Amino acid sequence: MEKRLQIGILGLGVVGTGVVEILAKERQKIKQRTGVELVITKALIREAEDKSGLATAHGLKLVYDVKEITEDDEIDVVVEVMGKIHPAKEFVTAALSENKHVVTANKDLLAQHGTELFQIAEKHHVSLYYEASVAGGIPILRTLANSFIADEITEVLGIINGTTNYMLTQMVENGMAYEDALKRAQELGFAESDPTNDVDGIDAAYKTVILTRFAYGTDIALEDFVVRGIRGIEIADIELAKAIGYEVKLIGMTKKVGDGVFAEVAPALVPVHHPLAAIRNEFNGVFVRSTGIGQSMYFGPGAGSLPTATSVVTDLAVIAENQADNKPAPQFIQYKAEKQFADPKAVSSRYFIAMKTIDDAQLWREIEQAAVDLGVSYEDIENTMAADGKRRIVWLTEELNEVQKHQFVSAVSKIEETKITQIMKVMEE
Ligand code: HSE
């Protein structure tokens with residue numbers, strides 16, 4: 001007998017509309033490959049929305065109460081593409097508890113409440129898939145989960161926020177002002193509904209939590225690591241970095257140091273010859289170091305309706321495949337490791353440190369003395385009078401460990417009229 005999976009979709013915004021359209025386009029191909037027909041029967045929207053054109057074109061019943069989907073016995077899979085935590089969490093919980101598979105693109109939800117939701121999915125023998133939550137159109141999660149099974153991942157780092165990469169590209173290449181670049185990213189549909197999450201690194205941090213889960217089987221929380229975005233980034237720093245052979249990129253990274261994990265989201269100096277340096281605009285790139293493969297990189301669009309929706313539909317096709325094989329709903333990733341953090345003294349990097357102080361030789365000597373006291377070696381790459389009448393000093397340091405770095409930042413913050421305006425890791429080739 002022909003198999004059919006009925007789907008209810010929560011949200012018909014940019015991604016939801018893409019899911020409806022891509023599924024209609026690829027339905028035959030998925031059916032040929034899996035023997036299962038995927039059909040969206042109902043869509044949850046808000047009363048104020050008018051989606052009647054899309055509904056008529058695709059034979060969808062529009063509903064305004066989630067129970068019409070979560071309590072519909074005919075529906076096998078719920079696709080959540082509303083975003084944000086509430087009420088998405090309650091809706092996903094209800095769907096899983098009603099024994100429905102769930103596919104979502106919601107990184108906020110999966111980063112913050114993943115563990116709880118996986119337990120509910122497991123208890124009800126259904127799958128919870130979220131390939132679209134990290135790096136939009138790049139199939140990175142399934143790659144980490146499946147294709148590295150015979151390998152040991154030691155580091156995952158990448159450009160995983162399309163909005164900020166778009167902004168940095170436009171600011172550097174087209175001289176666009178920060179605010180204009182952000183506005184354009186919003187118009188293009190890359191930015192979050194609250195773009196603070198993009199520019200302050202929070203969106204990249206959610207994705208770093210999920211990448212850590214897939215790389216090491218460990219769940220970390222946002223509070224466990226440093227998260228800094230690109231707000232207030234100075235063109236002078238980006239240009240100076242370029243002059244010495246680096247592109248400034250917002251990097252989300254998670255690495256194994258000894259048995260512990262070290263994660264961070266912050267702007268960093270990427271050598272111009274590194275493949276991540278070439279990633280422009282809203283594109284994302286995820287660079288993986290592992291003991292077997294060595295270095296590999298995955299590149300593609302990190303945001304936008306069609307790429308994100310395509311990843312959602314791929315998750316649906318995998319559920320169809322499992323169904324066709326009569327497999328007991330497999331989970332996306334199996335957990336194994338306890339949370340353990342790297343020793344901060346074992347984590348080191350070179351740094352680009354930009355400082356501002358007043359034009360007073362005594363104060364510069366105090367900065368230099370702080371460096372000597374903490375064993376910080378550096379090259380002075382800029383020492384100029386800035387337009388605001390302050391002295392701008394920029395150093396490129398030798399390797400500092402996390403403890404030394406924090407101590408240096410704290411020592412400089414105690415020097416009067418002096419502050420560190422930017423501190424960025426210098427990535428190696
Ligand atoms: N705001 C996100 C970004 C959307 O710019 O990458 C995709 O997660």
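Index from 1, following the sequence. Just so we're clear, the structure is a prediction, and the values are computed from it rather than from any experiment.
Using a cut-off of 4.0 Å between Lys/Arg side-chain N and Asp/Glu carboxylate O, Asp72 and Lys67 are scored as not salt-bridged. Under 4.0 Å is where a charged nitrogen must lie from a carboxylate oxygen, and between Arg392 and Asp237 at least one such pair does. Lys339 and Asp224 are joined by a salt bridge, as a carboxylate oxygen and a charged side-chain nitrogen come within less than 4.0 angstrom of each other. The pair Glu21-Lys25 fails the salt-bridge criterion, with no side-chain N (NZ, NE, NH1 or NH2) lying under 4.0 Å from an Asp/Glu carboxylate O. Using a 4.0 Å cut-off between charged nitrogen and carboxylate oxygen, Glu239 and Lys242 do not count as a salt-bridge pair. By the 4.0 Å N-to-carboxylate-O rule, Glu264 lies close enough to Lys425 to be salt-bridged with it.
For Thr308 (side chain) and Ala303 (main-chain N/O), no donor-acceptor pair under 3.5 Å exists by modelled atom type. The backbone N or O of Ser410 sits nowhere less than 3.5 Å from a side-chain atom of Gln407 that would complete a donor-acceptor pair. Within the 3.5 Å criterion, the main-chain N or O of Arg213 finds no donor-acceptor partner in the side chain of Thr218. The backbone N or O of Met176 lies less than 3.5 Å from no partner atom in the side chain of Asn174, so there is not a single donor-acceptor pair. A donor-acceptor pair under 3.5 Å is absent between the side-chain atoms of Ser127 and the main chain of Tyr129, judged by distance alone. Under a 3.5 Å cut-off, the side chain of Thr34 and the backbone N or O of Ala320 do not form any donor-acceptor pair. For the pair Ser133 (side chain) and Tyr130 (backbone), a donor-acceptor distance under 3.5 Å is present. Not a single donor-acceptor pair under 3.5 Å links the side chain of Glu26 to the backbone N or O of Leu23.
Among all heavy-atom pairs drawn from Val156 and Ala215, the shortest one is CG2-CB, 3.8 Å. Contact record, Gly18 with Ser305: CA-OG, 3.8 Å, taken as the closest heavy-atom pair. Among all heavy-atom pairs drawn from Lys100 and Thr70, the shortest one is CE-O, 3.1 Å. Heavy-atom minimum distance, Leu38 versus Ala317: CD1-N, 4.1 Å. Taking every heavy atom of both residues into account, Ser290 and Ile153 meet most closely at CB-CA, 3.9 Å. Across every non-hydrogen atom of Gly201 and Val227, the tightest pair is O-CG1, 3.4 Å.
For the pair Ile244/Leu396, a side-chain contact is recorded, criterion being any heavy-atom separation below 4.5 Å from C-beta on. Within the 4.5 Å cutoff, the side chain of Val248 has no heavy atoms near those of the Val172 side chain. Side-chain contact between Ser97 and His124 is present, with heavy atoms from C-beta onward closer than 4.5 Å. The closest side-chain heavy-atom distance from Val78 to Ile7 is not below 4.5 Å. Between Phe91 and Met82, the closest side-chain pair of non-hydrogen atoms falls below 4.5 Å. Inter-residue side-chain proximity for Asp108 and Lys84 is flagged as unmet; no heavy-atom pair is nearer than 4.5 Å. Using a 4.5 Å heavy-atom cutoff, the side chains of Ile293 and Val288 are not in contact. The closest side-chain heavy-atom distance from Lys255 to Val257 is below 4.5 Å.
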Q: Let me see the working for Met355 and Val394 under side chain to side chain contact (heavy atoms under 4.5 Å, CB included), right down to the final yes or no.
A: CA-CA 6 Å; Met355 294 168 278; Val394 185; over 6 Å; no
Q: Dump the intermediate steps for side-chain hydrogen bond (donor to acceptor under 3.5 Å, both in side chains) on Tyr298 and Ser296, then the final yes or no.
A: CA-CA 7 Å; Tyr298 308 86; Ser296 53; 2.9 Å; yes
**Q.** Stepwise side-chain hydrogen bond (donor to acceptor under 3.5 Å, both in side chains) test for Gln170 and Asp180
**A.** CA-CA 9 Å; Gln170 292 301 322; Asp180 294 339; over 6 Å; no
Q. Can you list the steps and then say if Asp359 with Lys390 is a salt bridge (charged side-chain N to carboxylate O under 4.0 Å, His left out)?
A. CA-CA 6 Å; Asp359 212 16; Lys390 296 260 174 78; over 6 Å; no
Q: Take Lys107 and Glu192, measure what salt bridge (charged side-chain N to carboxylate O under 4.0 Å, His left out) needs, and give me the verdict at the end.
A: CA-CA 11 Å; Lys107 61 246 157 177; Glu192 297 300 296; 2.9 Å; yes
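Side-chain contact annotation: Gln323 with Asp76, donor-acceptor N/O pair under 3.5 Å absent. Of the N and O atoms on the side chains of Thr164 and Tyr166, not one donor lies less than 3.5 Å from an acceptor on the other residue. Judged by distance alone, the side chains of Thr104 and Asn106 never bring a donor and an acceptor atom under 3.5 Å apart. Arg228 and Gln422 share a donor-acceptor pair across their side chains, judged by distance under 3.5 Å alone. A donor-acceptor pair shorter than 3.5 Å cannot be found between the side chains of Glu417 and Thr357. Judged purely by distance below 3.5 Å, without hydrogens or angles, the side chains of Asp203 and Asn197 never pair a donor atom with an acceptor atom. No side-chain donor-acceptor contact under 3.5 Å links Lys256 and Tyr216. Ser348 and Asn401 share no donor-acceptor pair across their side chains, judged by distance under 3.5 Å alone. Side-chain contact check for Asn165 and Arg280: no donor-acceptor pair (N or O, by modelled atom type) lies under 3.5 Å.
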Below 3.5 Å, can you tabulate the donor-acceptor pairs from side chains in residues 364-380 to any protein atom, sequence neighbours excluded?
| residue | atom | partner | partner atom | Å |
| --- | --- | --- | --- | --- |
| Gln369 | NE2 | Asp373 | OD1 | 2.9 |

Show which side-chain atoms of residues 138-149 pair as donor or acceptor with protein atoms under 3.5 Å away, not counting sequence neighbours.
| residue | atom | partner | partner atom | Å |
| --- | --- | --- | --- | --- |
| Arg142 | NH1 | Asp315 | OD1 | 2.9 |
| Arg142 | NH2 | Asp315 | OD1 | 2.8 |
| Thr143 | OG1 | Pro139 | O | 2.5 |

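In this view, Phe299 and Phe283 satisfy the ring-ring contact (aromatic ring centres under 6.0 Å, His included) rule, not counting sequence neighbours.
Within 6.0 Å of CD on Glu416 lie no more than 12 heavy atoms contributed by other residues, nucleotides or ligands. Shown here is Asp259, whose CG atom has no more than 12 heavy atoms of other residues, nucleotides or ligands within 6.0 Å. The local environment of CD in Glu338 is sparse, with at most 12 non-hydrogen atoms from other residues, nucleotides or ligands closer than 6.0 Å.
Between the CG atom in Leu110 and the CD atom in Glu80 there is a gap of 9.0 Å [rounded to 0.5 Å].
Under the 30°/60° scheme for interplanar angles, the aromatic rings of Phe332 and Phe214 are found to stand perpendicular.
Aromatic pair His274/Phe287: centroids less than 6.0 angstrom apart.
The only member of Val286, Leu276, Leu157 that meets side-chain contact (heavy atoms from CB on, under 4.5 Å) when paired with Met297 is Leu276. A side chain to side chain donor-acceptor pair (under 3.5 Å) with Lys356 is found for one member of Asp388, Thr421, Thr418 and no other, namely Asp388.
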